[in-house]
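By convention in this document, chain letters (A, B, ...) are assigned in the order of the sequence lines, proteins followed by strands, and residues within each chain are numbered from 1.
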Amino acid sequence: MSQRPIQFWFRGQLVPVSQVSPQRTVLQWLREDQHACGSKEGCGEGDCGACTVVVGSRDDAAPGGVRLEAVNSCIQFLPTLDGKALFTVEDLANGDALHPLQQAMVDCHGSQCGFCTPGFVMSMWAQYDTRQATGGGVPSRDEVNDCLSGNLCRCTGYRPIVDAACAAWEAPAQKLDRAPLRAVLDTLAAMTALEYEHAGQRFFAPRSIEALAVLCETHPEARILAGSTDVGLWVTKQLRDLGDILYIGAVDELKRITVAADAIEIGAGATLTDAFAALCAEDAQWTDLARRFASVPVRNAGTLGGNVANGSPIGDSMPALIALGTRIVLQKGASIREMALEDFYLAYQKTAREPGEFVRALRVPRRREEVLFRTWKISKRADQDISAVCAAFALRLDAGVVTQARIAFGGMAATPRRAALAEAALQGQPLSETSIRAAMTALAQDYQPLDDMRATAGYRMQVAQNLLWRLWLEHAGSAVSLAEVSA
Amino acid sequence: MSQVVGQSLAHESATLHVSGAAQYIDDLPELAGTLHAAFGLSTIAHGRITKLDLAPVLRAPGVAAVLTAKDIPGLNDCGPIIHDDPILADGLVLFYGQPIFVVLAETHEAARRAARKAVIEYEALPALLDIAEAVAAESWVLPPVTMTRNDAQAALAAAPHRLQGTARHGGQEHFYLEGQIAYARPGEQDTMHVFSSTQHPTEMQHAVAHMLHWTSHQVSVECRRMGGGFGGKESQSAQIACAAALGAWKTGRPVKLRLDRDDDMTLTGKRHDFAFDWDVGFDDSGRILGLAVTMASRCGFSADLSGPVNDRALCHIDNCYYLDAVTVKSLRCRTNTVSNTAFRGFGGPQGMFAIEYIIDDIARELGLDPLDVRFRNLYDPMPMNSPLAPAGRGAGGEGGMHDDTLSPAPSPAGGRGERNTTPYGAKVEDNVAPALIDELARTSDYAARRAAIAAFNASSPVIKRGLALTPLKFGISFNATLYNQAGSVVHVYADGTVLVSHGGTEMGQGLYTKIRQVVAHELGLPASAVRLAATDTSRVPNTSATAASSGADLNGKAAQAAALKIKTRLAAFFATQHGLSADAVSFADGEVRGGSHSMSFADLAIAAYRARLQLWDSGFYSTPKIHWNKDAMQGRPFFYYAYGAACAEVAIDTLTGESKVLRVDILHDVGKSLNPALDIGQIEGGFIQGMGWLTTEELWFRPSGAQRGRNMTHAPSTYKIPAASDVPPVFNVKLFDNANVEDTIHKSKAVGEPPLMLAFAVFFALRDACSAAIGKPAPLQAPATAEAVLRAIGGLDA
């Protein structure tokens, strides 16, 4: 195999890296190999944000052709940086002059113990520089809160940090010079695809679907890697050896999102950020789920295809995708097949994907006026949490009668699954208090949820039923949501 | 020059924080030969080890050594008070996740990987996991303690109203962002220097010395800063420091032990969860006449700090309220779970939770506004009018509100006079609670909002809103009198720059900044002329924990004393040179002036050095007036009290139990603030942390099965502290204008812990909303997760 080092832009130059394990994390490389200790390890699982760095990548749709995104360096593997630019907290100040965001953090008293601070600064910087480049202007407090959804602070209570994110705009702008960076990224893009090996472990980063298909067939045992927001934890928490890794993040075609007449086709490599942007543009019902799905850094790294392929019973995209009738497109070699997403899940963490096969895309049907679609996620915390229950309803209504009912839940069974009995209770019935009550009763037979640290079985079932009731109340025009209440 | 003290100076490390240049222990350059350690943990809650095969661990790549209890030359103990806390389990496992061995390897990852390769077998023993099981088995880490004043049973029997109730709240993980870490460097002649992320360097020094069978002067412990502490690095850092030092002693190489987050949350202690049962008697106005409470806490497998934590819970069951006839029994439950420990508030929040719940119950029983009932029970001086009176009543809360003018209550039977003595015999001499509550009730528009919320709830079937205003009074000083002392050493160098050492530790609270201000103020220097040295037991000995909110009170006074000695000496020198009286010499703006003479502080310093004057000195402080009889639970344990109050408005979704905090108003008493910005930072941060404890933060130990007793909420993916979006969208925080009546450092008050208890307003607002949903008192328990809310409104009964 043609060997070349991993190459990325770091501290103003192209850095070639070899002789490190393909499953070494960006954070380990920074702290242990580079002795660049500004980025901290708080949890090692992408949940606290102390390790947040910013990755720059080629994107023609982004300002200056460069996209800046905050990601969790503790669960990103170093080879995934190939062809990109890496920025850490040490990059922001200009000599002794702090970046306006850093100065605002000082002036607003935004740090106490300071351990989380570098991560906060980097999350804010990705937002700041992008908005500076696009003319987005001062973010609203809600936009800042969303930007910081992946950064935990245990000292300040966040208020001064949010203040700082806004106050930084009062100082003269300090912007990244994107043109030379884009030129560097173009140079990197012209290099051969990365095929990296260390101590017998290989990391393939093909650039085309065809190359990916070939590698998948020739290395059926290889671990397919997308955003590593879950697989990263297999390494940092379970200390697993992943074996050969087949990374799909360098396949541009797989990131494509196409809006056709009948469906939105989302490539398996599209990030959650991009996928949700398309879905929310199609139907605002996705908005709340998109925000609560995960933090910004996880949405930036994770992919919709990965969430679906992973097949976790608590994966939050699947209930809504299943309810809408999404089909999953699989490819093996040159042959492509597709199936209803609900048929993809066979049992707990077991899917219909065959050895050598990969998820190519998801086809989400376009919004239809006659379909009543709602999806809700229920968890202990609003942002960056795992569902106790995730619900989705898509009811086709013709003259008030439910002509097609599709109801799916996460957190209620070993896989994301449809609620056959509840659907049957609504099918062919006028949507009414009576039919909804019947569906709520039927739901109790659809699932036998579990007790765990997120919720008891009783709570899960009750809330699942109550969300059916909320669906009815909303349809009848009498429901108010918490989001609409203010002091 | 503007005065340095009282200014909102930025944290002394702020620039380092924001640029990633602040060094935490894991960021220190490693010495060549450094080994990395990891613990091997038990996988059973209680049992005897029948087989411990560590050969596979030793064979793992990069491993240098594996150590067990047998390798400890001295005491296998890291308990702060009682010696019941093994560093490494010796044959007997007492909780799931207890360290059994420590492996040393070339890298952090190699150590972690190797630690999982041990083959361990157990003979399982019965495990008690929670308070109910421990109470039933009468399993205590320490004997029960009762605090009594007057005859509670007689008062209960005679009371016009009587109510029994129960409540419980959960524990809390500290979730300091920087996990536990220690880096031990062996020195010559049997010495050891340990970098420890700890609030208590001296205790780490003692623990390491005892473990190695050494004396104190062989061990030094240093901490420049912690990435958060919150009480979790007071005693809990000892096991980590000891294990690192053991490895360094055994191998002669530097050893770093940094816990992975999951291990940290699995094996370190947390806030005690409590269960309360009470019987309360009261009059028609809601005034408490008699109270009997049993409070049981989950202490875990060892005593740790559970004695003082529970004592403080007893000493805070009164909160701001006069309890005339009261008996409180405290049960300290031994369970097969982590050993619970100090956590911001240290039992205070637990005791106060009970009385707030009781008062809330009384108000709901009588159909009164809880704020009225709170007001009627305050210590003297009693307000003559309810804070609600001037603004009018509106529609009232559940069941409306009562009469607004209170007639002065008759003194309790027996003519005991003023209602200003606590159940533990201390007189409340600085009570500002009535004035503070009154001000907050007005500025938060409590009465009008109460009416508006009632109107909203009447027409909103799914979403219910709730409101609560709760006060706090928190005793400042360590209950154990001996800890109330501090030392400092101030160096003035010959160029006029100043280096300050003291016994307090910096965990983010801004202690170093405040000390810097105090010393700069005393010497008339800008803050930039004063640098703080890392806290090190070899610079200042016999330090107390930076805990009990006392850091600035104790160390500020000690540093001031040291600076004052130097200043006095320099003033006399300057006066002699110019033929002045020393009283005529002043220090300000970096200059020393007297009569028509002046010179820069730096010039004076070099002149004094040449004249062979001592330019450095030490200072010592011990808190006056305090005394405590632990056996009688009587005395004056606290130098003074800090006060505060919060008003919170919330909304709940009665279909899912989810909730949202809509608005919070806070008024808090920090005395005369040393640094308003830092104090507001403590108030906001403490409030949000308390809110997390009472809402989303839930610890869950597997109740059954093979992994019974395992903490399944051992990472931020499963344990949810507040995020940015949980902060109330309307969040008004103000300092109450009030100089300390006691002679504290510049008349300031301690601020670390008290604000945590401001969060009761959120919990009782949630209970208010829940009660509105069902038209009767809702049995809401903490944490008020979505599930707890749904349960409290009967939504899980079906």
Taking the side chain as every heavy atom from C-beta outward, state whether [X] and [Y] have any atom pair closer than 4.5 Å.
X        : Y        : result
B:Thr656 : A:Asn466 : no
A:Thr156 : B:Glu684 : no
B:Arg261 : A:Glu41  : no
B:Lys720 : A:Ser379 : no
B:Val18  : A:Thr117 : yes
A:Arg470 : B:Asp653 : yes
B:Glu109 : A:Thr25  : no
B:Leu655 : A:Leu473 : yes

Based on non-hydrogen pairs under 4.5 Å, which of [options] is most in contact with chain A?
options                                : result
B:Met265, B:Arg258, B:Arg225           : B:Arg258
B:Val733, B:Thr713, B:Thr654, B:Asp260 : B:Asp260
B:Gly227, B:Gly657, B:Ala21            : B:Gly227
B:Ser13, B:Ser8, B:Gly685, B:Gly179    : B:Gly685
B:Met691, B:Glu30, B:Arg116            : B:Arg116
B:Met507, B:Met226, B:Arg663, B:Glu698 : B:Glu698

For the residue pair [X] and [Y], what are the closest heavy atoms and their distance?
X        : Y        : answer
A:Val485 : B:Arg465 : CG1-CD, 3.9 Å
B:Leu790 : A:Gln462 : CD2-CG, 4.1 Å
B:Leu177 : A:Cys116 : CG-CB, 4.0 Å
B:Ser717 : A:Asp385 : O-OD1, 4.0 Å
B:Gly20  : A:Val89  : CA-CG1, 3.8 Å
B:Gln682 : A:Gln112 : NE2-OE1, 3.2 Å

Item to check | Lys/Arg-Asp/Glu bridge criterion (N-O < 4.0 Å) met for B:Arg702, A:Asp452 | outcome: no
Checklist entry - When you check the gap from the basic side-chain N to the acidic O, do A:Arg154 and B:Glu697 get nearer than 4.0 Å? => result yes
Identify which part of [X] has an atom lying under 4.5 Å from any heavy atom of chain B, answering side chain, backbone, both or neither.
X        : answer
A:Thr88  : neither
A:Ala455 : both
A:Leu482 : both
A:Ser481 : backbone
A:Arg291 : side chain
A:Gln28  : side chain
A:Lys40  : side chain
A:His109 : side chain
A:Leu233 : neither

Chain A heavy atoms under 4.5 Å from [X]: which part of the residue, side chain, backbone, both or neither?
X        : value
B:Glu649 : side chain
B:Thr695 : neither
B:Phe230 : side chain

Can a donor-acceptor pair be found, under 3.5 Å and without considering hydrogens, that links the side chain of [X] to the backbone of [Y]?
X        : Y        : value
B:Arg112 : A:Thr236 : yes
A:Tyr158 : B:Val727 : no
B:Arg113 : A:Leu239 : yes
B:Glu787 : A:Thr456 : yes

Checklist entry - If we ignore angles and hydrogens, is there a donor and acceptor under 3.5 Å between the side chains of B:Ser19 and A:Gln102? => result no
Could you give the distance from [atom1] ([X]) to [atom2] ([Y]), rounded to the nearest 0.5 Å?
X        : Y        : atom1 : atom2 : value
A:His35  : B:Asp27  : NE2   : CG    : 12.0 Å
A:Cys37  : B:Gln23  : SG    : CD    : 8.0 Å
B:His17  : A:Cys113 : NE2   : SG    : 7.0 Å
B:Trp700 : A:Arg454 : CH2   : CZ    : 10.5 Å
B:Lys660 : A:Glu484 : NZ    : CD    : 9.0 Å

Next on the checklist: Quick check for you: among A:Leu101, A:Asp451, A:Leu148, A:Val480, which has the greatest number of heavy-atom pairs under 4.5 Å with chain B?
Outcome noted: A:Val480
Next on the checklist: Evaluate A:Arg31 against B:Asp26 for side-chain contact (heavy atoms from CB on, under 4.5 Å), listing each step before the verdict.
Outcome noted: CA-CA 9 Å; A:Arg31 293 186 57 84; B:Asp26 199 37; 3.0 Å; yes
Item to check | Worked check of side-chain contact (heavy atoms from CB on, under 4.5 Å) between A:Cys155 and B:Tyr176 | outcome: CA-CA 8 Å; A:Cys155 295; B:Tyr176 27 66; over 6 Å; no
